[in-house]
2 protein chains.
Amino acid sequence: MTPSGPQADEIFRAIADPTRRAILDLLAERDLSVGDVAERFDMTRPAVAKHLKVLSDGGLIAVEVRGRQRINRLNAAPLADVVGWLNRFEGFWNDKLNTLKQEVERKHD
Amino acid sequence: MTPSGPQADEIFRAIADPTRRAILDLLAERDLSVGDVAERFDMTRPAVAKHLKVLSDGGLIAVEVRGRQRINRLNAAPLADVVGWLNRFEGFWNDKLNTLKQEVERKHD
DNA sequence: CCAATATGAAACCTTGTGGTTTCTTATATA
DNA sequence: TATATAAGAAACCACAAGGTTTCATATTGG
């Protein structure tokens, strides 16, 4: 059972693209207008605007219209779905880490 | 700064597709051959095989050749990269959760 | 050895995705 | 009010992605 609904797909899709992950990283530091974001990437503003749209579709950013510019603000809450999905694998990499730890400890005897 | 290297992209890409996430969910329960996996989806075996390839490229499954069948085993370790990337947003949704908690507590007064 | 089985591989199709350019619209400001 | 600026919208393009069908190959079991 994968996270609920069509929303999850949009979130996973949103973070699948490296540019979009980088945008989220930027917005984690400060709110930025579309143009501000576009300035920091080697691509045109419309391209960046599309990425912002995808992020918005995933609910990962909120857009505040301020005069003629749109300020994009990070909304990390939906990422909790990703964390939730990852949680079910925690046992697996804990097992791995435990195995590793045990091996290290055995070598230290 | 997004997770390091081209590997991260492959991991994020691998988990972006709902079918592939479902496959990982399956493999979390037991190891399965290609055919075993394909049986549980409404698509042809080659299609499933391609998904398994993507998962393998991301290092998320290990394939053990056993006679004429390939047994796919989950390897969740690379998902730690995703967790690592998500960690930087922890402050954000903790803030959110805290806000929520405070509101609930205020209402309970 | 022969037939069935499990899979890989290649060719192909349709749609989605990430990007561009160009044009329009709305808001600030000199 | 005329002009700069910020952004949305639409048309277009190349390539990646997800799927199919068909064929080839290796192993297993009678």
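Letters A, B, ... are given to chains in the order of the sequence lines, protein chains preceding strands, and every chain is numbered from 1.
With C:dG18, D:dA7, D:dT27 as the candidates, the nucleotide lying closest to the side chain of A:H51 is C:dG18. Each of C:dT7, D:dG8, C:dG19 was ranked by its minimum atom distance to the side chain of A:K50; first place goes to C:dG19. Looking at the side chain of B:P46, the nearest of the listed nucleotides D:dT20, C:dA4, C:dG18 is D:dT20.
Comparing A:T19 and B:R70 by the nucleotide of DNA chain C that holds the closest heavy atom to each, the one mapping nearer the 5' end is B:R70.
Between the C1' atom of C:dT17 and the CG atom of A:D9 lies a distance of 16 Å, rounded to the nearest Å.
Note on A:R21 versus A:D25: no salt bridge recorded, every NZ/NE/NH1/NH2 to OD/OE distance being 4.0 Å or above.
Within residues 32-45 of chain B, the residues approaching DNA chain C are B:S33, B:V34, B:G35, B:R45, by heavy-atom distance under 4.0 Å.
For B:R68 and C:dT7, a side-chain-to-base donor-acceptor distance below 3.5 Å is absent, hydrogens and geometry of angles not being considered.
Contact annotation: B:R20 reaches the phosphate of D:dG18 (side-chain N/O to OP1 or OP2, under 4.0 Å). For A:R66 and C:dA26, the shortest distance from a side-chain N or O to OP1 or OP2 is not below 4.0 Å.
Scanning for side chain to side chain contact (heavy atoms under 4.5 Å, CB included) contacts around B:V34 gives B:R45, B:A49, B:L52, B:R70, B:N72, with sequence neighbours left out.
The rotation axes computed at either terminus of the helix from C:dC1-D:dG30 to C:dA26-D:dT5 lie 30° apart, taking five pairs at each end and rounding to 10 degrees.
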